[in-house]
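Scroll down for the structure; my scribbles are underneath it.
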Amino acid sequence: MRCVFLGPPGAGKGTQAAVLREKRSLAHISTGDILRDNVKKGTDLGKQAKEFMDSGGLVPDEVIVSMMKGRLQEPDCSSGFILDGFPRTAPQAEALGALLKEMQIPLDAVILFDVSDDVVIQRLTGRRICRSCGAIYHAVNRPPKVDGVCDACGGALYQRDDDSEDVVKKRLEVYKEQTRPLVDYYEKRGILVRVDAGKSGEEVISSIESAAGSEHDLA
Ligand code: ADP
Ligand code: AMP
């Protein structure tokens with residue numbers, strides 16, 4: 001299974017990628033997670049990316065593409081991958097196509113997480129993340145058993161700086177302008193699968209598995 005999870009921030013891509021990664025041996029590649037890790041470690045890449053991320057804008061294409069070129073060639077990608085948050089612009093989609101062609105790897109499907117703005121805003125402003133293992137919670141929709149503590153590893157939960165309401169609105173605008181055109185791009189290539197991401201987590205994962213499985217044989 002080699003696929004892209006496409007959709008607005010807060011649609012549930014990371015949540016569902018974590019479920020699928022457990023069920024099948026797939027690499028879950030989240031460009032946002034890679035960038036945040038670099039910001040935390042203070043690398044050159046992190047320094048380049050930080051101001052774009054803080055403001056809710058996109059990190060320049062050339063930075064992202066060169067980062068992903070390296071990542072897709074790592075050994076864990078050979079048994080399949082989920083790209084979460086990449087590509088996010090037309091040039092990134094073109095670069096991904098060229099890279100996969102060079103590697104002689106087909107892209108099986110692009111799963112579009114269809115969800116309304118209101119749901120996205122509610123999900124992002126309530127999102128909490130474990131500082132140690134990265135598990136994703138929600139203050140209301142998926143609260144941890146003990147407030148502020150990760151069920152899986154006992155780590156402390158935090159709220160991302162860019163999940164504040166003003167930055168969320170900016171990120172949604174950026175999605176509509178720069179990323180949503182990729183829906184057409186992949187629809188024309190016949191690999192787009194739409195999933196109603198406003199439903200419960202269980203319903204979303206089963207529609208991803210059945211839609212993708214039946215149309216593109218991702219099993
Ligand atoms: P994305 O990776 O698309 O930005 P996340 O997977 O981080 O989105 O999910 C955003 C927030 O929404 C998280 O707090 C998560 O717990 C919550 N969430 C994810 N999927 C659902 C769902 N199907 N129903 C309700 N809340 C959800
Ligand atoms: P995410 O974790 O996917 O919500 O991404 C968080 C932030 O990282 C985004 O708001 C962007 O600033 C940056 N980012 C992540 N992926 C990309 C990408 N493919 N292209 C450009 N910027 C990205």
Side-chain angles (χ1 to χ4, degrees), residues 4-21 28-40 45-46 48-69 71-72 82-96 111-116 118-130 134-144 150-152 157-164 167-175 177-179 182 195-208:
V4 167
F5 279 5
L6 182 66
K13 303 181 297 297
T15 300
Q16 300 302 347
V19 175
L20 275 181
R21 184 186 52 200
H28 168 204
I29 307 176
S30 155
T31 42
D33 285 350
I34 300 173
L35 292 168
R36 275 184 294 280
D37 195 42
N38 276 274
V39 171
K40 197 162 110 189
L45 172 60
Q48 274 176 288
K50 189 175 181 331
E51 66 175 287
F52 298 103
M53 297 174 77
D54 287 348
S55 69
L58 294 184
V59 176
D61 288 334
E62 56 278 15
V63 175
I64 298 290
V65 169
S66 96
M67 172 179 109
M68 287 303 285
K69 256 189 187 164
R71 183 63 187 91
L72 282 166
I82 298 169
L83 302 183
D84 165 9
F86 173 83
R88 247 170 160 111
T89 64
Q92 290 182 19
E94 290 290 341
L96 174 65
I111 314 286
L112 174 64
F113 284 61
D114 225 346
V115 69
S116 70
D118 288 349
V119 169
V120 158
I121 292 168
Q122 189 270 352
R123 286 187 183 174
L124 286 180
T125 49
R127 175 161 64 185
R128 303 289 183 271
I129 297 182
C130 174
I136 305 168
Y137 295 87
H138 189 282
V140 177
N141 308 354
R142 295 161 174 254
C150 178
D151 294 347
L157 305 189
Y158 78 104
Q159 183 167 23
R160 273 170 53 177
D161 290 342
D162 61 350
D163 279 346
S164 62
V167 184
V168 163
K169 287 191 172 143
K170 163 81 176 162
R171 288 162 65 205
L172 260 177
E173 277 169 31
V174 168
Y175 171 76
E177 277 166 25
Q178 303 201 50
T179 309
L182 298 186
V195 162
D196 180 354
K199 295 192 169 165
S200 72
E202 293 69 27
E203 287 172 293
V204 175
I205 198 72
S206 87
S207 15
I208 292 174

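One-based numbering, in listed order, for ligands and for the atoms of each.
In this comparison of Pro60, Gly57, Pro91, Ala49, the heavy atom closest to atom 10 (O) of ligand 2 sits on Gly57. The option with the heavy atom closest to atom 3 (O) of ligand 2, from among Met67, Arg88, Arg160, Lys13, is Arg88.
Checked by distance only, ligand 2 and Asp33 stay at 3.5 Å or farther apart across all their nitrogen or oxygen atoms. Looking at ligand 2, you'll find an N or O of Thr31 within less than 3.5 Å of one of its N or O atoms.
Among protein heavy atoms, atom 2 (O) of ligand 1 sits closest to Gly14 N, 2.8 Å.
Under a 4.0 angstrom heavy-atom cut-off, Pro9 registers as lying outside contact with ligand 2.
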Checklist entry - Arg171 and Asp163: salt bridge (charged side-chain N to carboxylate O under 4.0 Å, His left out), yes or no, with the steps? => result CA-CA 9 Å; Arg171 288 162 65 205; Asp163 279 346; 2.9 Å; yes
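Of the inter-residue distances, the one linking Tyr137 atom OH with Ile129 atom CD1 reads 11.5 Å to the nearest 0.5 angstrom.
Contact atoms of ligand 2 toward Arg171: 4 (O) (distance under 4.0 Å to a heavy atom of the residue). Those atoms of ligand 1 that come under 4.0 Å of a heavy atom in Asn141, given as number and element, are 25 (C), 26 (N). Ligand 1 places these atoms under 4.0 Å from at least one heavy atom of Gly201: 23 (N). Using a 4.0 Å cut-off to heavy atoms of Gln92, the atoms of ligand 2 that qualify are 18 (C), 19 (N), 20 (N), 21 (C).
If you look at Glu203 next to ligand 1, there are no close heavy atoms at all, none under 4.0 Å. Heavy atoms from both the backbone and the side chain of Val59 come within less than 4.0 Å of ligand 2.
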